[in-house]
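To start, the structure under review is shown below, and the notes come after it.
All values reported here derive from a predicted model rather than from experimental measurement.
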Amino acid sequence: MKTHLSLSRRIHNAVGSQQAENIHARHSYLHGKSFAKEEWGQIWSRSDDCSWAHAFGRWRGFENVWYGSVTCYDAACFSRFTQIYEIYPQVGGMDPRPLSEVSCHTLVTDIIEVADDGKTARAYFLTPGLIYSTLNGNQKKRCAYLWERYGADFVYEDGQWLFLHEQVCPDIFGNLDDVNWAHQKYDMLKNPPPPPPAGAMPPKKDQRLQDPGPLHRDWTPIQPVQDTVPWPVPYVTMDDDNTYTKRR
């Protein structure tokens, strides 16, 4: 019941839990617009301790996080723009980023814990969502569904709550309306795709990673349970037992 904390600390922590939820909701909106610069420029700590991770690996330190999540992300958006501007000339003068795709991440079953010392917070979210686009080089609409889990740490800096760490765990992903995703996963187990040729360059998103993945694996019929981002529990202060990014 946190009765060992002062009233002012309990109020501070209650506000912190609401702010953690609000910050993650702002992430969902900004990511849906592909506004990477606005997200990492406004609601993230610029600490050397900050990190962002997906299944393919983790970037550590704000400079590296910015490179992977803003520089590379914007590059992909502009690359898609060069594929469509001649097909859809009406996009001239528009911001290329939200033309790239829409990532619709709903947030449910949130579990949020604020440290007794009031300096950090930890949150778990499940996110059933969609990724879709209509302006594609092949002139076909695209839509995919995905179920992901978020494990996020927040820090209280200079009177405001900010993201400090995040681990994204994609559990299920597949295209809508054109495949049986469960059967497709079964076929891939029976007939796995060939490995990349020796010496092949890794995708851009895998470069400059401080912790190369995989850190989490997509669903298959024989996948063991993965507790990559366990629910947070009450804690006193952030340490390696209470964080989604352990120190090396």
Practice task
Output all residues satisfying ring-ring contact (aromatic ring centres under 6.0 Å, His included) with F35, sequence neighbours left out; order by chain, then residue number.
Solution key: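 Expected list: none.
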Problem - Partners passing ring-ring contact (aromatic ring centres under 6.0 Å, His included) against F163 (at least two apart in sequence or in another chain) - result: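 Scan of F163 (ring-ring contact (aromatic ring centres under 6.0 Å, His included), adjacent residues dropped) gives H24, W44, F154.
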Shared ILVMFWY cluster between [X] and [Y], side chains joined below 4.5 angstrom?
{"X": "F62", "Y": "Y73", "answer": "no"}
{"X": "I131", "Y": "Y150", "answer": "no"}
{"X": "V168", "Y": "V70", "answer": "yes"}

Checking [X] now: which residues fulfil side chain to side chain contact (heavy atoms under 4.5 Å, CB included) with it, not counting sequence neighbours?
{"X": "Y145", "value": "L130, I172, L176, W181"}
{"X": "S69", "value": "W40, W52, W59, V65"}
{"X": "S8", "value": "S6"}
{"X": "V236", "value": "D116"}

Counting distance only, does the side-chain N/O of [X] pair as donor-acceptor with the main-chain N or O of [Y] below 3.5 Å?
{"X": "N64", "Y": "L209", "answer": "no"}
{"X": "S45", "Y": "L164", "answer": "no"}
{"X": "S133", "Y": "L135", "answer": "no"}
{"X": "H165", "Y": "T243", "answer": "no"}

Practice task
Using only heavy-atom distances, determine whether the side chains of R248 and Q210 contain a donor-acceptor pair under 3.5 Å.
Solution key: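 No - no donor-acceptor pair under 3.5 Å links their side chains.
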Handout entry: K246 atom NZ, neighbour heavy-atom count above 12 within 6.0 Å
Key =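 Result for NZ/K246: open.
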Exercise for the section: Give a yes or no on this: more than 12 heavy atoms of other residues, nucleotides or ligands lie within 6.0 Å of atom CD1 of I222. Expected result: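 Open: at most 12 neighbouring heavy atoms sit under 6.0 Å from CD1 of I222.
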Problem - Minimum side-chain heavy-atom gap W161-N22 below 4.5 Å - result: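 No; the side chains remain at least 4.5 Å from each other.
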Exercise for the section: Taking the side chain as every heavy atom from C-beta outward, state whether K2 and H4 have any atom pair closer than 4.5 Å. Expected result: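 Of all side-chain heavy-atom pairs linking H4 with K2, at least one is under 4.5 Å.
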Return the minimal non-hydrogen interatomic distance between [X] and [Y], and the atom names on each side.
{"X": "S51", "Y": "T245", "answer": "OG-OG1, 2.6 Å"}
{"X": "S17", "Y": "I112", "answer": "O-CD1, 3.4 Å"}
{"X": "L189", "Y": "P221", "answer": "CD1-CD, 3.4 Å"}
{"X": "A115", "Y": "N13", "answer": "O-ND2, 3.1 Å"}
{"X": "S34", "Y": "E101", "answer": "OG-O, 3.6 Å"}
{"X": "A144", "Y": "F173", "answer": "CB-CZ, 3.7 Å"}

Practice task
Using the side-chain contact (heavy atoms from CB on, under 4.5 Å) rule, take H216 and Q226 through it: C-alpha gap first, then chi angles, then the decisive distance, then the call.
Solution key: CA-CA 8 Å; H216 188 82; Q226 298 180 99; 3.5 Å; yes
Nearest 0.5 Å, please: how far is [atom2] in [Y] from [atom1] in [X]?
{"X": "N136", "Y": "N138", "atom1": "CG", "atom2": "CG", "value": "5.5 Å"}
{"X": "T127", "Y": "W147", "atom1": "OG1", "atom2": "CH2", "value": "9.0 Å"}
{"X": "N191", "Y": "Y186", "atom1": "CG", "atom2": "OH", "value": "9.5 Å"}
{"X": "C143", "Y": "K141", "atom1": "SG", "atom2": "NZ", "value": "10.5 Å"}
{"X": "L30", "Y": "S103", "atom1": "CG", "atom2": "OG", "value": "12.0 Å"}
{"X": "I43", "Y": "R26", "atom1": "CD1", "atom2": "CZ", "value": "5.5 Å"}

Exercise for the section: If you link ILVMFWY side chains whenever their heavy atoms are less than 4.5 Å apart, which other residues fall into the same cluster as Y124? By chain and number, please. Expected result: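 Y124 clusters with I111, V229, W231, Y244.
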So which pairs with a foot in [range] pass salt bridge (charged side-chain N to carboxylate O under 4.0 Å, His left out), sequence neighbours left out?
{"range": "residues 57-69", "answer": "R58-D211, R60-D211"}
{"range": "residues 35-55", "answer": "E38-R97"}
{"range": "residues 151-174", "answer": "R122-D153, R149-D171"}
{"range": "residues 214-243", "answer": "K185-D218, D240-R247"}

Handout entry: Ring centroid separation H105 to F125 under 6.0 Å
Key =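 Ring-ring flag for H105/F125: false, centres at least 6.0 Å apart.
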Can I get a per-line list of side-chain donor-acceptor pairs under 3.5 Å for residues 77-89, giving both atom names and the distance, sequence neighbours left out?
unit_1: R80; atom_1: NH1; unit_2: S100; atom_2: OG; d: 2.4
unit_1: T82; atom_1: OG1; unit_2: S79; atom_2: O; d: 2.6

Exercise for the section: With side-chain contact (heavy atoms from CB on, under 4.5 Å) as the test, would you mind laying out the steps for V155 and S47 before giving the verdict? Expected result: CA-CA 10 Å; V155 63; S47 164; over 6 Å; no
